[in-house]
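Lettering of chains follows the sequences in order, A, B, ..., and the numbering in each one begins at 1.
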Protein chains: 2
Amino acid sequence: MTLKDQKSDISARLKEARKLAGLSQGQVAKILGLHRPTVSEIESGRRRVSADEINSFAEAYEVSGAWLLGEINETLETNDPRIQLAARELAKIKPDDLEKLLRLISSMRDT
Amino acid sequence: MTLKDQKSDISARLKEARKLAGLSQGQVAKILGLHRPTVSEIESGRRRVSADEINSFAEAYEVSGAWLLGEINETLETNDPRIQLAARELAKIKPDDLEKLLRLISSMRDT
DNA sequence: ACATTACGTAAGATATTCTTACATTTGTAA
DNA sequence: TTACAAATGTAAGAATATCTTACGTAATGT
């Protein structure tokens, strides 16, 4: 699989975000501790971007990492008979723990 | 800079999310088109994770990429054994139903 | 036009990742 | 416990990607 075939085009968003931030590739390279050609390669989609680099870019450009990833909010339907069965399983968990669990899961949940 | 020094520990979240999804490394590897040792290396922090891989993991585990990036505040003690136990129960529920279930319970929680 | 800054790219050196194989751990049934 | 199976960890050479420096072109401003 070539790099160009990758579905999510983070490179375009990185380039767009950089310009919105009013920064040059050289400035960004210095901030992130990269070489300038590396930034060029990234924005042209010839070089991958790691998780930590995404976070660094997001901070430098003041955008969310989620936006850089191209995450799309998806809605979903809530009517399914199997839910009630699953809910009965959940009911076995102690209320105190359930509260914590819900907070954990909701923080992980797709928006 | 070694890989372990990277501030955002996406590897730990990937491992946690996989277990919550009830998947083995082998299953995940097949879904994402990776070799199983690669998943192992990723979860141990010895291999980087690219932007597209983050999106793929997020979809497979049904968590947000933002959470995998560590953007969402982790206010919870995830090493609490009681929560791990509860999470194991939740892992038995089919991923498709999990999100629906969470919505149901969230709506019940508000009173 | 000239100077300066920004950006793209080439090429060899370096580093990472891939792939296969084997080892270790963990879970489970006899 | 022992034995077996499944899951995970890891080693090592091959394949690939990235780094680093250098040079070239395009854009911008004076």
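- B:Glu43 is linked by a side chain to side chain donor-acceptor pair (under 3.5 Å) to B:Arg18, B:Gln25, counting only residues two or more places apart in sequence or in another chain.
- For A:His35 and D:dC19, the shortest distance from a side-chain N or O to OP1 or OP2 is not below 4.0 Å.
- Shown here are the side chain to side chain contact (heavy atoms under 4.5 Å, CB included) partners of A:Ile31, two or more places apart in sequence or in another chain: A:Leu23, A:Ala60.
- Contact annotation: the side chain of A:Leu69 approaches that of B:Leu69 to within less than 4.5 Å [non-hydrogen atoms, C-beta and beyond].
- Applying the salt bridge (Lys or Arg N to Asp or Glu O under 4.0 Å) definition to pairs two or more places apart or across chains, those involving residues 32-41 of chain B are B:Glu41-B:Arg46.
- Listed by chain and number, the residues in a side chain to side chain contact (heavy atoms under 4.5 Å, CB included) with A:Ala66 are A:Ser64, A:Glu71, B:Ala66, B:Glu71 (sequence neighbours excluded).
- Contacts classified as ring-ring contact (aromatic ring centres under 6.0 Å, His included) and involving residues 29-58 of chain A (residues at least two apart or in different chains) are given here: A:Phe57-A:Tyr61.
- Evaluation of the side chain to side chain donor-acceptor pair (under 3.5 Å) rule for A:Ser11 yields A:Asp9 as partners, not counting sequence neighbours.
- Applying a 4.0 Å cut-off to non-hydrogen atoms, none of the residues of residues 11-29 of chain A approaches DNA chain D.
- Within 4.0 Å (heavy atoms only), B:Glu41 reaches at least one base atom of the nucleic acid.
- Residues that satisfy the side chain to side chain donor-acceptor pair (under 3.5 Å) test with A:Glu53, not counting sequence neighbours, are A:Arg47, A:Ser50.
- Rounded to whole Å, atom P of C:dT17 lies 8 Å from atom CZ of A:Arg48.
- Each end of the helix from C:dA1-D:dT30 to C:dA30-D:dT1 gets its own rotation axis from five pairs of C1' atoms, and the angle between them is 50° to the nearest 10 degrees.
- In this structure, B:Arg46 does not reach the D:dG9 phosphate: none of its side-chain N or O atoms is under 4.0 Å from OP1 or OP2.
- Inter-residue side-chain proximity for B:Leu14 and B:Ile54 is flagged as unmet; no heavy-atom pair is nearer than 4.5 Å.
- Under a 3.5 Å cut-off, the side chain of A:Ser56 and the backbone N or O of A:Asp52 do form a donor-acceptor pair.
- Atom CZ in A:Arg47 sits roughly 10 Å away from atom P in C:dT17 (whole-Å rounding).
- Rounded to whole angstrom, the span from the CD1 atom of A:Ile42 across to the P atom of C:dT9 amounts to 15 Å.
- Residue B:Ser40 places at least one side-chain N or O under 4.0 Å from the OP1 or OP2 atom of D:dG9.
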With sugar-phosphate taken as primed atoms, P, OP1 and OP2 and all else as base, the protein-contact string of nucleotides 22-30 of chain D at under 4.0 Å (heavy atoms; B, S, -) is B--------
